[in-house]
Amino acid sequence: MRFTPERLAALRARFGGDNEASIHDAHFRAVAANIIDNSGTRSAPYAGMPTLLDAPARYIDWQSPDFGDLQVALAGVPMDLGASNRSGCRFGPRALRAIERVGPYNHVLRCTPTRDLRVADIGDVPMRSRFSLEQSHEDIESAYARIHAAGVIPVSVGGDHSVTLPILRALGQREPVSLIHFDAHCDTGGPFDGSRFHHGGPFRQAVLDGVLDPTRTIQIGIRGSAEYLWEFSYESGMTVVHAEDIARVGVPAVIARALDVVGGTPVYVSFDIDCLDPAFAPGTGTPEVGGVTVREAQAILRGLAGIDIIGGDVVEVAPAYDATANTAHAGAQILFEILSLVSRRHAA
């Protein structure tokens, strides 16, 4: 098509003058109606109280929790007592809340999750002790059992990866759940320095506790020098996709494998930010070079649209090692992608 005077006149007629603020595409017009107010103004991303993905805030009295009609609860789990290397991901929830300009529209999945769902940031899970790992896990399991009993889907920000164990205990009480797990490490190791509950072993313990189905579990992005610790993944029947496999077989094949593994079962999505290469996410406790790109991670997550997602998390963002805030920004984007999966499955 050549750009002719007639074409210019047509564009001026359609997009100029009284039509200057008009959006003609029906889908885009509906999205804009959810984001832009009647005066033509959008909320400034730098204004107001920071929340996860700029969702509304909802105060929860944990002595008598009332989740109202929420479909999804965004929650922080600021605990890193299970970290084996660099600590500091207890500040992950706060770092992700400070990130602006993530969403609200997902242009690939064509959804606006914080508008399409009844969702709120319910704050951080209360924990009785900043020193006891086991007690913190008890508090996390108790909080998530209440969220789950209310029929609310939890989407969370850690904290170290050990926090996923008590969440799975709460969600898998009746039957083992399926898992799509993004990580540099399988996190199926045995006791470390006398503890079974560190961030390198939550999924081993979840299987042994009977709350995770290993044959319906896929682990994506695995790499590094700790492979000798992950035999439990293979022996239990988990599917392991190493980081180098993604380049070899391609993103579509990884998506197809993940969908085949979990099938139509209820599935939890857990994303350790160290799945990403440190070039994209240096602010984490156990970085491993040779990792997944943000674009690959987004593509795989978006390819999972339609799964029966019952919850998800982003963990291990440690802002003290994140000089540019790139890690927190990537973490917030991944959180948005997970919430978008919930939107595609459960939007009202």
Side-chain angles (χ1 to χ4, degrees), residues 34-35 37 42-81 89-104 112-132 135-160 163-164 166-171 173 268 309-315 317 319 328 331-332 334-336 338-343 346-348:
N34 265 334
I35 299 172
D37 64 25
R42 289 170 287 174
S43 299
Y46 48 80
M49 182 179 72
T51 62
L52 294 169
L53 302 180
D54 290 327
R58 183 184 180 95
Y59 172 75
I60 297 296
D61 177 2
W62 287 99
Q63 298 303 313
S64 181
D66 178 10
F67 302 100
D69 67 346
L70 286 184
Q71 293 173 287
V72 182
L74 299 173
V77 193
M79 195 282 295
D80 62 5
L81 295 171
C89 57
R90 67 181 67 183
F91 293 101
R94 182 172 292 185
L96 263 66
R97 287 188 174 105
I99 295 298
E100 73 286 341
R101 287 188 54 75
V102 171
T112 316
T114 55
R115 308 313 203 266
D116 301 337
L117 295 162
R118 298 187 300 278
V119 56
D121 184 338
I122 64 169
D124 293 338
V125 172
M127 284 169 271
R128 291 166 291 169
S129 173
R130 71 186 71 183
F131 303 112
S132 171
Q135 193 174 60
S136 295
H137 279 194
E138 291 173 3
D139 294 337
I140 296 166
E141 182 179 353
S142 175
Y144 281 81
R146 294 182 176 191
I147 294 170
H148 187 54
V152 179
I153 296 171
V155 178
S156 313
V157 178
D160 71 62
V163 307
T164 307
I167 295 173
L168 290 176
R169 284 172 169 167
L171 272 56
Q173 285 179 350
Y268 189 86
I309 183 169
I310 60 170
D313 61 47
V314 176
V315 298
V317 174
I334 294 300
L335 188 72
F336 177 71
I338 293 173
L339 186 63
S340 295
L341 293 178
V342 179
S343 180
H346 296 281

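Fair warning: this is a prediction, and the values are worked out from it, not measured in the lab.
- A salt bridge between Arg94 and Asp124 is absent, with no side-chain N of the basic residue lying under 4.0 Å from a carboxylate O of the acidic one.
- Legend: residues meeting salt bridge (charged side-chain N to carboxylate O under 4.0 Å, His left out) with Arg90, ordered by chain and number and at least two apart, are Asp80.
- Ile147 CD1 to Phe67 CZ: the interatomic distance, rounded to the nearest 0.5 Å, is 5.0 Å.
- Side-chain contact between Met127 and Met79: present, with at least one pair of heavy atoms (C-beta onward) separated by less than 4.5 Å.
- In terms of heavy-atom proximity, Val119 sits nearest to Pro56 at O-CD, 3.5 Å.
- Of all non-hydrogen atoms in Pro113 and Pro104, the two that sit nearest each other are CD-O, 3.4 Å.
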Step-by-step side-chain contact (heavy atoms from CB on, under 4.5 Å) determination, Leu96 to Phe91: CA-CA 9 Å; Leu96 263 66; Phe91 293 101; over 6 Å; no
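- Interatomic distance, Asp121 CG to Leu52 CG, rounded to the nearest 0.5 Å: 4.0 Å.
- Note that OG of Ser343 and CZ of Arg115 are 12.0 Å apart. Values are rounded to the nearest 0.5 Å.
- Between the side chains of Tyr268 and Thr164, no donor-acceptor pair of N or O atoms lies under 3.5 Å.
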Pair Ser43-Asp54, side-chain contact (heavy atoms from CB on, under 4.5 Å): steps then yes or no: CA-CA 10 Å; Ser43 299; Asp54 290 327; over 6 Å; no
Pair Val152-Tyr144, side-chain contact (heavy atoms from CB on, under 4.5 Å): steps then yes or no: CA-CA 9 Å; Val152 179; Tyr144 281 81; over 6 Å; no
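- The closest side-chain heavy-atom distance from Leu339 to Leu117 is below 4.5 Å.
- When the shell of 6.0 Å around CZ of Arg128 is examined, it contains more than 12 heavy atoms from other residues, nucleotides or ligands.
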Val163/Ser156 under side-chain contact (heavy atoms from CB on, under 4.5 Å): CA gap, chis, key distance, verdict: CA-CA 10 Å; Val163 307; Ser156 313; over 6 Å; no
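- With a 4.5 Å cut-off on side-chain heavy atoms, His346 and Ile153 count as touching.
- Shortest non-hydrogen contact noted between Leu171 and Ile310 is CD2-O, 3.7 Å.
- A donor-acceptor contact shorter than 3.5 Å is absent between the side chain of Glu100 and the backbone of Tyr46.
- No donor-acceptor distance shorter than 3.5 angstrom exists from the side chain of Arg146 to the backbone of Ser64, with no hydrogens or angles considered.
- Put simply, CE on Met49 and CZ on Arg97 are 9.0 Å apart, with the number rounded to the nearest 0.5 Å.
- The heavy-atom pair separating Thr114 from Ala55 by the smallest distance is CG2-CB, 4.4 Å.
- Partner of Leu335 under the side chain to side chain contact (heavy atoms under 4.5 Å, CB included) criterion, out of Val317, Val157, Ile99, Asp313: Val157 alone.
- Atom OG of Ser142 and atom NE2 of His137 lie 14.0 Å apart (nearest 0.5 Å).
- Between Ile338 and Ile309, the closest side-chain pair of non-hydrogen atoms falls below 4.5 Å.
- Residue Leu53 comes nearest to Ala332 through the heavy atom pair CD2-O, 3.5 Å, listed as atom of the first residue, atom of the second, then distance.
- What you find for Arg118 and Asp69 is that their closest heavy atoms are NE-O, 2.6 Å.
- From Ile140, atom CD1 reaches atom CG of Leu168 across 11.5 Å, with rounding to the nearest 0.5 Å.
- Using a distance-only test at 3.5 Å, with no hydrogens or angles considered, a donor-acceptor pair links the side chain of Arg58 to the main chain of Asp66.
- Between Pro93 and Val77, every side-chain heavy-atom pair lies at or beyond the 4.5 Å cut-off.
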